[in-house]
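Inspection log for the structure reproduced underneath, given as structure tokens.
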Amino acid sequence: MAGKITIYFTVNGEKETRTVNHGLGLLKFIREELKLTGTKEGCEAGECGACMVLLDGEAVNSCVVLAAELDGKDLVTIEGLAKNGELDRVQQAFIDHSAFQCGYCTPGMIISARALLNRNPSPGDKEISEALSGNLCRCGAYVEIRQAVRACVKK
Amino acid sequence: MSLKYVGTSLPRKDAIEKVTGSAKFLEDLFIGPLLYAKIKRSNVAHAIIKSIDTKMAENYPGVKAVVTGKDFPNRIGLYLIDRNFFAVDKVRFYGEPVAAVAAVTEEAAAAAVELIEVEYEELPAVFDPRDAMRPDAPLIHDELCHYEVVPVFYPKTCTNIANHFKLRKGDVEKGFAEADMVLERNYFVPHIQHVSIETHKAAAMWGLDGRLTIWSTAQSPSAVRQLLAKSLGMPLHKIRIISNYIGGGFGGKAGATMEGLVIPLAKKCPGYVVRIVFTREEDIQGTFVRQALYSRLKTGVRKDGRITALEYEMIWDGGAYAEYGVNIVRAAGYSSTGAYAIANVKTDSYCVYTNNPVGGPLRGFGMCEMQWGIERQMDEMAGTLNIDPLRLRLINGMKDGSTTASGQTVKHVAFDQCLKVVAEAVEYGKKSGKYRGKGIAGMVKAPAQPSNASSSAIIRLNEDGTIHLLIGSTEMGQGTLTALQQITAEALNIPPEKIELRMPDTDFTPYEWQSVGSRTIYSCGNAVLKAARDVKDQLYALAGPALGVPEDELELNDTEVRWIKDHSKFIKLAELANSFKKAGGEGISGPIIGRGSWVPTTLSNLNPETGQGNPGLFWTFGATAAEVEIDPETGTINLLQLASVLDAGQAINPQLCKAQLNGGAIMGLGTALYEELKLDRGRVLNHNYADYKIPTIENVPDINCFVLETAEEGGPFGARGVGEPPMIGVAPAIASAVANAIGVEFNTFPITPERILQALQEKANKPVL
Amino acid sequence: MRNFEYRKCTSLSEVTGLLCGESVFLLAGGTDLLVGMRGGKYSPRMILDIKDIPELKVLREDEAGITIGAAVTLNRVERFQPVARHVPVLAKACHSVGSFSIRNRATLAGNICNASPAADTAAALYCLGAMVNIAGPGGERYLAIEEFFTGPGKTALENGELVVSVLIAKPYPAGKGVYYKASRTGSVDLATVGVAVQKRDDGIRIAVSAAAPTPVRVKAVERAVSGGMTDWNAAAALVKDDIIPITDLRGSREYRCHLAEALIRRGLAEIMEV
């Protein structure tokens, strides 16, 4: 029988405690328990990147992580990027360059871009593409997305 | 005409919502009390259902309802009512819904579904439409003659032919006789899938008062309402369809695809919201696929490059149900000369039932599949005639006053310019390396819709002069909301920031036939213009007498209605909008509500024998050019550059137009190089992103986009639709580039490294792979 | 997610004690396990999270060589200076697995324990003569990587055993090493065929993945080249002796044969003609 586990973590800067079923996936936990619905489900198989979040600062596909693994970790979702009503630089760049269409892949895409720029403020095109290689966009906004991330590169 | 708001790259209206993750898609709503639905699907492609045992499922803890086709034998269909929500007596495709469970948790529903036992008696199945056309083929729909059908489609009783579209223009025999060369080829275009990142989702609540509320990822809420009303035998006002942002549609969410799965469950659980979220695998196997096409194209051409005759036989794999697919077949038929003006045309386009997944609309609606053959044959003809492929296209390309295959005259055509723009962009004709090549392809599309497909719009002028625009069109990424906001702004001369509009809810927003076919800007845009005109008429009827000036000498300028001859004579808009009254206090007018209702008046039915008539609301032309480099050792294709153009008439929002060019190009690229459904007796083997590969950002170079603006006479500010055309020319342009690089002509795609290698080996007469 | 018990283990002995039980699975990155669970491939009764066990987090270089703990992610392996500098073939192979975000979770040990015949890291590890450090109820042992894979999805791990680390022993190969991955898209994809070619002081090593039930060394080619053959075409053609590819969704048998040959030829040209 599935037991429960208590996890202690921070989410978008706030300390939290929750008790979760062992079998609960992190994506479902984020959406249904934490009620943060910005992170999306697209494939449940780690292929599309719509579920991307930052776990201890690294971009990960939350659909292949268990909620239990969140214990002791720092979680950042798309909702945690804007601060004090001000959009994150990447978010603003996505608006300025119209780097989205339907918007479903967008939270995951922005998370991956934010992780990249945190890691390396001046990535070249190849590194940008690699960092976002796990984020599928069927609308095909890749050209604009690349332009948006380029605009955030530190000269 | 100097424009203020139309023609600017206004930031998208949904921008902040989407970049912050606060944009609500269906699964983000907390509606309840919620029950989770799971579907029992067939594991055979063609079989009689002998029995379904749901006892164990019904008794599983947490299960609130179980339904089968026997509970709900209703059929639904947009053009041909042939499709069951749930299989009733037999299943016709692998993965067809046979039963469904609603439970308090997703796990319970999934577990209960496993406990449903279905006994099948397999029937002989058919997976190739050419086999399905044979007289001895197993009949997939023996009731075909009894199905209700829109009378512009022609099913053949007692066959698997759901529609045979015939087109006869001019005299092909004479045309072929005039030709100096006749080329005949077979082409095959495989099934592909939309794979929008958001899968299909729906939720239903059946109130005890008999009202049905549906939340759906559908592209066309009015159509869903209409189709469900017909299928359920309910009045329209008792069905409510609520739309949220759609995570990609591309036609896959057109019509009414799967809402019916939760409705019977909801009926058994009144007051509950029953929600279904398709898994990626269900989405790929169990929703509309793009029909595969087996075609034979024969063209006759004179030495001077003028094409004299075209004969096209298209056999489409309609899959198990053809309620939507019949129209793709028709549209391909009446567009069957592509972007070229040909006097003598004979086309037969067949929609054929098979036991493959259900065929339906996918961006291009038959154009990508049909124009593949046209463009490939153009190249081959050019090679044989020793005429440059670009020149051959310029010779035969449509111009102002040309007629289409169905005899419709096209106007405001800049196809020549389209070809030249992209040719120049890639320096077409200049080979830049041994295994490098450049290719070009043209494209054209008109919306495929009924001749009276209409739109409507309501403008509510708020008391302070701001606006609510109510429309039935949906936003699935194309930028509809933003573009319609700009059209409204331009028409009223009120800034876009003052105009609010949201996704439709059929209880509040007016009718829109469908958000498909690249028709929204044109059709809904025209309805919006009429609503704006109505608002101004009402305002001027009040302001004229109040100011003592003629009504036709007034203009609206943001916050004022003023006399054009002397701006100091004005009334504040807010005053007119806020229950305008006389100086003495008597009320003159209540709230201002603008009504716009638009229907095309220029379209006609097509002659059943000749296919002649006017089906196209407008024709959007474009072109694509590509440069590739082939690795001859591995067959790998490297896309060096891609240039794409379309003639938007008037770009309502240039940035969003380019976004469609880029997006369509990338989708076209995926189909050109990677995408095809691998089917084994109707079962999709590559039913996830691991094996159905679509482009990632790494696969896409920066694309050179161009937007031409040759005004479309009937379009709002001269605009015509742009959503689908950018995909059409990409695969043939890449094939054309591959041919230029290595001298191999592909008649099918995707053009994979393995196929390239095989072709190279065949060419060198080496042992075939 | 179904019913299983999740345990975060803090020591090796805790793991080996529990691992003998029925349907107990190890969780490192989870990118294979969680996907497999969803597809019904795995039905764990218990999942042991091993990411916090000190011995498994090790990533170091010392006199022995480079030790990569079982919990170390592919991105960390790729970025580890000694790997990038001394055995870049491994960095390249790690880089080619999945997508960037997957590599933030997926581990090198997980890649070999999953034992897909197409495992990218395997071909590189074969060329480097890697040793797998295994712990179990019977104690610790080292196993050569070439003995680790026993069939598609199967390893030489006995009941109760787990991989503790992978050792790339010194001396490192002095020469150049390359890893070529042929795939359908050239972006995020499984290998249709993967080829690693590594020049060493004692000759040359060539390994191929996705062309046999396990990754394989192509010794026929190695022998020819070590024996002095300089016609790379002829040498590469000998690959047919050592691979038995199949036809599947990603490619045909014939295409895989051809690819293996072409990529070996290319690899030889690149690393031998310096």
Side-chain angles (χ1 to χ4, degrees), chain B residues 105-108 110-111 114 279-281 628-629 631-639 666 669-680 683-701 750-762 766-769, chain C residues 1-4 31-32 35-41 43 95-102 116 118 180-195 232-233 236-237 240 245 247-270:
Chain B
T105 66
E106 210 180 330
E107 289 73 35
E114 297 293 308
T279 64
R280 179 55 55 190
E281 292 76 7
V628 300
E629 183 167 34
D631 179 340
E633 287 191 300
T634 61
T636 308
I637 303 146
N638 188 14
L639 182 64
I666 291 168
L669 168 63
T671 67
L673 300 180
Y674 318 131
E675 298 180 42
E676 63 176 325
L677 288 184
K678 294 201 187 250
L679 290 159
D680 174 28
R683 184 168 67 99
V684 179
L685 299 175
N686 54 339
H687 60 173
N688 51 38
Y689 283 125
D691 284 313
Y692 188 89
K693 306 304 290 183
I694 65 173
T696 70
I697 193 170
E698 286 183 311
N699 296 124
V700 174
I751 299 173
T752 63
E754 180 163 352
R755 285 178 172 167
I756 292 244
L757 215 49
Q758 184 157 20
L760 281 171
Q761 294 203 328
E762 276 170 13
K766 286 219 191 90
V768 172
L769 267 186
Chain C
M1 300 299 142
R2 297 291 145 86
N3 293 327
F4 52 79
T31 55
D32 285 319
V35 176
M37 276 165 53
R38 181 175 164 272
K41 193 172 167 193
S43 301
H95 183 87
S96 72
V97 175
S99 67
F100 187 86
S101 56
I102 289 294
S116 160
Y180 299 130
K181 176 173 177 168
S183 70
R184 291 164 293 188
T185 69
S187 178
V188 177
D189 200 0
L190 295 160
T192 307
V193 160
V195 167
W232 307 141
N233 284 334
K240 292 189 208 56
T247 295
D248 68 9
L249 280 180
R250 291 178 273 284
S252 71
R253 173 189 317 123
E254 295 79 10
Y255 180 54
R256 286 186 152 113
C257 274
H258 176 98
L259 274 178
E261 191 178 325
L263 293 176
I264 288 171
R265 180 173 55 238
R266 189 170 284 182
L268 288 173
E270 187 170 341

Task: C:Ser101 and C:Ser99 side chains, donor-acceptor separation under 3.5 Å - done: yes

Open item on the list: Between the side chains of C:Lys240 and C:Glu261, is the shortest nitrogen-to-carboxylate-oxygen separation below 4.0 Å, so that they form an ion pair?
Closed with: yes

TODO: Can you tell which part of B:Asp631 gets under 4.5 Å to a heavy atom of chain C, answering side chain, backbone, both or neither?
DONE: side chain

Task: chain C contact via B:Ala690 - side chain, backbone, both or neither, heavy atoms under 4.5 Å - done: backbone

Task: salt_bridge(C:Lys41, C:Asp32) N-O dist < 4.0 Å - done: no

Task: chain B contacts, top residue of C:Thr185, C:Leu259, C:Asp189 (heavy-atom pairs, under 4.5 Å) - done: C:Thr185

- [ ] Measure distances from B:Thr752 to the heavy atoms of chain C and classify the residue's part below 4.5 Å as side chain, backbone, both or neither.
- [x] neither

TODO: Check each atom of C:Arg266 against the heavy atoms of chain B and say whether the ones under 4.5 Å are side chain, backbone, both or neither.
DONE: side chain

TODO: Provide the closest heavy-atom pair for B:Glu675 versus B:Tyr692 in the form atom of the first, atom of the second, distance.
DONE: OE1-OH, 2.6 Å

Task: Heavy-atom proximity to chain B below 4.5 Å, by part of C:Leu249 - done: both

Task: Exam field: side chain C:Thr247 to backbone C:Arg253, donor-acceptor pair closer than 3.5 Å - done: yes

